[in-house]
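These numbers were taken from a predicted model, which means no experiment stands behind them. Throughout, residue positions are numbered sequentially from 1 according to the sequence presented.
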Amino acid sequence: MTPRKIIIDTDPGQDDAVAILLALASPQEIEVLGITCVAGNVPLDLTSKNARIVCELAGRDDVKVFAGCDRPLGRDLVTAEHVHGKTGLDGPDLPDPTMPLVEGHGVDFIIEQVRAHPAGSVTLCPLGPLTNIATALQKAPDIAEKVQEIVLMGGGYFEGGNITPTAEFNIYVDPHAADIVFKSGIPIVVMPLDVTHKALVTKPRNDAFRALGTKVGVAVAEMTDFFERFDKEKYGSEGAPLHDPCVTAYLINPDLFQGRHINVEIETQSELTMGMTVADWWRVTDRAPNALFVGDLDADGFFALLTERLARL
């Protein structure tokens with residue numbers, strides 16, 4: 001099987017870190033062309049630092065990591081240190097990276113890579129706000145018809161929002177960027193809160209990460225130990241949701257997931273519902289479907305895959 005060529009666009013974030021590790025542990029299915037960083041969970045200087053920390057944790061200092069946009073298209077940046085800690089990767093004690101950022105802007109890298117490869121062969125995998133992706137589409141509209149697919153973590157419908165009553169964090173941070181992406185005509189797969197809230201790191205699952213006994217396994221266990229405190233208190237759940245690794249797991253084994261091909265639009269006008277993903281789950285409008293909106297997963301299969309792959313690093 002030819003590995004799927006992807007660009008990971010990210011704002012690490014402990015769950016972003018696990019998503020990146022899963023991708024780097026799966027070279028038979030995934031070829032990571034590069035990682036572009038965006039401001040989101042923490043400001044850009046920290047997200048671009050954290051992405052390199054994760055690459056070095058995986059023993060992959062050869063991965064190209066770029067800094068991208070440092071603020072949303074039309075709003076002030078909202079961050080999430082209250083969830084991820086002041087560094088964005090609080091939990092494990094990981095050394096500062098020695099690998100440098102690649103010179104140039106992440107948006108330009110996205111454009112160059114999509115143009116350089118055959119049409120329909122590059123998948124974009126946004127794990128944070130969609131600022132870099134939307135900016136690339138604005139700067140180079142020609143790439144829209146060349147992107148194979150966008151597989152993203154963001155939004156929510158039945159689960160509501162996690163930063164406002166109606167909005168999930170990634171979409172809320174830059175709703176105008178999300179609007180551009182969802183209107184782009186590119187095939188989109190959405191991993192909303194509706195599915196990620198079913199990917200819960202329970203104690204037995206976290207113990208399995210720690211029991212790997214490797215630097216990666218212990219670091220992942222310590223990351224989830226840290227950010228699950230917030231989520232368990234907030235949701236009253238038995239563990240924290242691992243949002244972003246759902247994107248990577250879908251690329252490796254889409255059969256773990258179930259969803260519907262529906263219309264999804266982004267609210268950009270109302271401050272009350274700003275950033276809401278208006279998902280026509282019941283197909284009550286005549287708006288054309290533009291996304292596969294995922295609603296369920298095989299959680300045991302997901303964690304089995306994740307544990308097995310992390311053991312390879």
Side-chain angles (χ1 to χ4, degrees), residues 10-26 41-42 50 53-54 57-58 80-94 127-128 153-154 156 158-163 168-170 191-253 255-258 294-313:
T10 181
D11 62 336
Q14 291 92 346
D15 57 324
D16 305 70
V18 180
I20 294 167
L21 291 169
L22 179 56
L24 295 179
S26 306
N41 285 322
V42 286
N50 291 346
I53 288 173
V54 173
L57 175 63
E81 287 89 351
H82 61 291
V83 180
H84 299 280
K86 65 182 188 305
T87 68
L89 276 185
D90 281 20
D93 183 16
L94 297 172
L127 309 178
M153 188 277 134
F158 293 103
E159 287 289 299
N162 62 357
I163 188 70
E168 179 275 330
F169 178 81
N170 288 343
M191 295 290 159
L193 299 178
D194 305 292
V195 67
T196 67
H197 279 179
K198 297 173 183 176
L200 294 177
V201 186
T202 59
K203 185 178 186 303
R205 289 166 178 167
N206 211 32
D207 288 345
F209 296 150
R210 188 173 277 105
L212 294 174
T214 61
K215 190 164 66 169
V216 169
V218 172
V220 168
E222 290 174 346
M223 288 181 202
T224 52
D225 275 343
F226 178 84
F227 81 89
E228 79 169 1
R229 301 171 201 170
F230 173 83
D231 284 312
K232 287 173 78 170
E233 180 180 347
K234 178 178 179 180
Y235 297 114
S237 58
E238 57 181 338
L242 266 185
H243 306 284
D244 295 326
C246 290
V247 168
T248 319
Y250 176 84
L251 297 174
I252 298 168
N253 184 3
D255 291 341
L256 291 172
F257 299 86
Q258 292 182 314
V294 178
D296 203 3
L297 88 163
D298 171 0
D300 288 338
F302 169 83
F303 280 96
L305 171 67
L306 183 53
T307 307
E308 184 267 321
R309 293 304 167 94
L310 293 178
R312 300 180 178 186
L313 295 175

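Looking at residues two or more places apart in sequence or on another chain, you find no salt bridge (charged side-chain N to carboxylate O under 4.0 Å, His left out) involving Asp93. Remark: Asn170 engages no residue in a side chain to side chain donor-acceptor pair (under 3.5 Å) (not counting sequence neighbours). In this view, Asp207 and Lys203 satisfy the salt bridge (charged side-chain N to carboxylate O under 4.0 Å, His left out) rule, not counting sequence neighbours. Evaluation of the salt bridge (charged side-chain N to carboxylate O under 4.0 Å, His left out) rule for Asp90 yields no partner, not counting sequence neighbours. Partners of Asp255 according to the side-chain contact (heavy atoms from CB on, under 4.5 Å) rule, which considers only residues two or more places apart in sequence or in another chain, are Asn253. Listed by chain and number, the residues in a side-chain contact (heavy atoms from CB on, under 4.5 Å) with Glu81 are Val42, Pro43, Thr79 (sequence neighbours excluded). A search for side-chain contact (heavy atoms from CB on, under 4.5 Å) contacts involving Lys215 returns Leu57, not counting sequence neighbours. Under the side chain to side chain donor-acceptor pair (under 3.5 Å) criterion, Thr10 pairs with Asp16, sequence neighbours left out.
Considering CG of Leu242 and CE of Met153, their distance stands at 11.0 Å, rounded to 0.5 Å. Rounded to the nearest 0.5 angstrom, Asn162 CG and Thr196 OG1 are separated by 8.0 Å. The OG1 atom of Thr248 lies 6.5 Å from the CD1 atom of Ile252; values are rounded to the nearest 0.5 Å.
Formation of a donor-acceptor pair under 3.5 Å by the Asn41 side chain with backbone atoms of Gly88 is not found in this model.
The shortest non-hydrogen separation linking Val54 to Ala17 is CG2-CB, 3.5 Å. Closest heavy-atom contact between Asp15 and His84: OD1-CE1, 3.6 Å. Here the closest non-hydrogen pair linking Glu168 and Gly154 is OE1-CA, 3.2 Å. For the pair Glu159 and Leu193, the tightest heavy-atom approach, listed with the atom from each and the gap, is CG-O, 3.7 Å. Contact between Ala199 and Cys246 at its shortest, heavy atoms only, is CB-SG, 4.1 Å.
Counting heavy atoms from C-beta outward, Pro12 and Ile20 have side chains that approach closer than 4.5 Å. Residues Asp298 and Phe257 fail the side-chain proximity criterion, which asks for heavy atoms closer than 4.5 Å. Counting only heavy atoms from C-beta outward, the side chains of Val216 and Leu21 approach each other to under 4.5 Å. Counting heavy atoms from C-beta outward, Val201 and Met223 have side chains that stay 4.5 Å or more apart.
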**Candidate pair Arg210 and Asp225, rule side-chain contact (heavy atoms from CB on, under 4.5 Å), full reasoning** = CA-CA 11 Å; Arg210 188 173 277 105; Asp225 275 343; 2.4 Å; yes

**Message:** Let's go through Phe302 and Lys198 carefully: what are the C-alpha distance in whole Å and the side-chain angles of both, what is the deciding distance for side-chain contact (heavy atoms from CB on, under 4.5 Å) to 0.1 Å, and is it a yes or a no?
**Reply:** CA-CA 10 Å; Phe302 169 83; Lys198 297 173 183 176; over 6 Å; no

**Message:** Could you go through Phe209 and Thr214, starting from their C-alpha distance and side-chain angles, then the distance that decides it, and tell me whether this counts as side-chain contact (heavy atoms from CB on, under 4.5 Å)?
**Reply:** CA-CA 9 Å; Phe209 296 150; Thr214 61; over 6 Å; no

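Ring planes of His197 and His243: tilted class, angle from 30 to 60°.
For residues 242-251, there are no salt bridge (charged side-chain N to carboxylate O under 4.0 Å, His left out) pairs, not counting sequence neighbours.
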Donor-acceptor contacts, no H, no angles, side chain residues 304-313, under 3.5 Å, sequence neighbours left out:
| residue | atom | partner | partner atom | Å |
| --- | --- | --- | --- | --- |
| Thr307 | OG1 | Phe303 | O | 2.8 |
| Glu308 | OE2 | Arg312 | NE | 2.9 |
| Glu308 | OE2 | Arg312 | NH2 | 3.0 |
| Arg309 | NH1 | Ser26 | OG | 2.9 |
| Arg309 | NH1 | Glu29 | OE1 | 3.0 |
| Arg309 | NH2 | Glu29 | OE2 | 3.1 |

